[in-house]
Amino acid sequence: GMDVPGRCHRVEAPWKKLSKEELEKQYSPSRWVTRRGAEEALRTYSQIGDEATKRAQATRRCLLDVPYGDGEGEKLDIYFPEQASEALPFCVFIHGGYWQSGSKDTSAFMVNPLTAQGVAVAIVGYDLAPKGTLDQMVDQVTRSVVCIQKQYPCNEGIYLCGHSAGSHLAAMMLLANWTEHRVTPNIKGFFLVSGIYDLEPIVFTSQNIPLRMTLEDAQRNSPQRLLEAALTRPVDPACRVLVVVGQHDSPEFSQQSREFHQTLCRGGWDASFEELHDVDHFEIIWKLTQKDYVLTKMILRTVLREPDSAGPPPACT
Ligand SMILES: N[C@@H](CC(=O)c1ccccc1NC=O)C(=O)O
């Protein structure tokens, strides 16, 4: 109908006007790569992740398969800087793969450049669909963060980084209720890379076959929707949120990131948005293996920013 000025109305989401074929294409990241074919892009992504993980395990002190729960898939890997210390910043990475592919064992992209600068990196494993549901994955990531806080109570900040579906899981931590876990993680920042924040359109694509999400499941697990509805302000106003998307991500992915950033700003979060020049959905993350890549530098600049000396000393047992 006609928009009534001054009235409260919701604009129909643009994706609802797309044909089934177009919606499927918008939510198929590999169909938007520019320098190689779809298959080759996916193969290269796995290969670079695999090599980076082998290199990290061969050259860094690490704890592999640390359980954060009783489930088979509830394990994380932690990689440490050369300089041993209890008071380290931690970057926690949640891999992508549409909640149905990928593994912590092939996702140590950022480990070498970050640990070289004194940042510990944790790579989280979680139960993929169809074994895991969205609700279970969100709970698993929540418990993995709790586990790191309990294991390293003197940490100098926990920074959550997620890619694509992993960025969705990371974003859900903006809304986590920590009180039931009897610990509040020292989360100081989020790096949300090429993520999906409104899951509703996914329900109508082939990606939903193994996920088996109902519309209610999608709504309950959409940080975009939850943040719009939340009346709460961020617990820590100093917590930074960086929302990034690749120039060659699909228009729908780009729009999801822009809208989520706007909603974060309206909710009082210290959020910024960047579209990264000349990278696609996969290059944006595999280039984190390079210390001079723009996103590697953004992460390091944020994590290594001078610690706040004005605040109270960290409660450390
Ligand atoms: N079949 C998907 C695969 C995919 O989307 C993907 C693969 C690896 C890492 C992240 C991905 N996307 C979102 O989580 C595609 O069309 O590219």
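Whatever order the structure lists ligands and atoms in, that order sets their numbers, starting from 1. Predicted model only: the values in this text are computed from it and were never measured. Sequence positions, counted from 1, serve as the residue numbers for this chain.
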Specify side chain, backbone, both or neither for Y45, according to which of its non-hydrogen atoms lie closer than 4.0 Å to ligand 1.
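Just the side chain.
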Answer side chain, backbone, both or neither: which part of H281 comes under 4.0 Å from ligand 1, heavy atoms only.
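Only the side chain of H281 comes within reach of ligand 1.
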Distance-only N or O hit between ligand 1 and [X], under 3.5 Å:
X: A165; answer: yes
X: G97; answer: yes
X: S164; answer: yes

Determine whether S107 and F93 make a side-chain contact, defined as any pair of heavy atoms from C-beta on separated by less than 4.5 Å.
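The answer is yes, as the side chains (C-beta and beyond) meet within the 4.5 Å cut-off.
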Salt bridge (Lys or Arg N to Asp or Glu O under 4.0 Å) partners of R61, counting only residues at least two apart:
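Checked R61 against salt bridge (Lys or Arg N to Asp or Glu O under 4.0 Å); zero matches.
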Start with the C-alpha distance between Y197 and H168, add both sets of side-chain angles, then the distance that settles ring-ring contact (aromatic ring centres under 6.0 Å, His included), and finish with yes or no.
CA-CA 6 Å; Y197 309 104; H168 159 264; 7.9 Å; no
So which of Y98, F282, W99 gets nearest to atom 7 (C) of ligand 1, if we judge by its closest heavy atom?
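The nearest heavy atom belongs to F282.
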My understanding is that we take every heavy atom of each candidate and find the minimum distance to atom 15 (C) of ligand 1. Doing that for S107, S206, S30, which one comes out nearest?
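Minimum heavy-atom distance to atom 15 (C) of ligand 1 goes to S30.
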Do H95 and Y126 have ring centroids that are under 6.0 Å from one another?
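Yes; H95 has its ring centre under 6.0 Å from that of Y126.
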Between F253 and Y27, is the gap from one ring center to the other below 6.0 Å?
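Judged by ring-centre distance (under 6.0 Å), F253 and Y27 do meet the cut-off.
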Is it true that the side chains of N155 and Q149 contain a donor and an acceptor less than 3.5 Å apart?
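Yes - a donor-acceptor pair under 3.5 Å links their side chains.
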Tell me, with the steps shown, if F190 and Y159 meet ring-ring contact (aromatic ring centres under 6.0 Å, His included).
CA-CA 6 Å; F190 290 82; Y159 295 81; 9.3 Å; no
Can you list the ligand 1 atoms lying under 4.0 Å from a non-hydrogen atom of G96?
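Going through ligand 1 atom by atom, the ones under 4.0 Å from G96 are 9 (C), 10 (C), 14 (O).
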S28: numbered ligand 1 atoms lying under 4.0 Å from its heavy atoms
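Counting from 1, the qualifying ligand atoms are 16 (O).
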Could E72 and K131 be called an ion pair, given the rule that one side-chain N must be under 4.0 Å from one carboxylate O?
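Judged by the 4.0 Å cut-off on N to carboxylate O distance, E72 and K131 do not form a salt bridge.
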Closest non-hydrogen protein atom to atom 3 (C) of ligand 1, residue and atom name please, with distance?
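Sorting protein heavy atoms by distance from atom 3 (C) of ligand 1 puts L42 CD2, 3.9 Å first.
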Got the closest protein heavy atom to atom 1 (N) of ligand 1, with its distance?
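Answer for atom 1 (N) of ligand 1: Q207 NE2, 4.3 Å.
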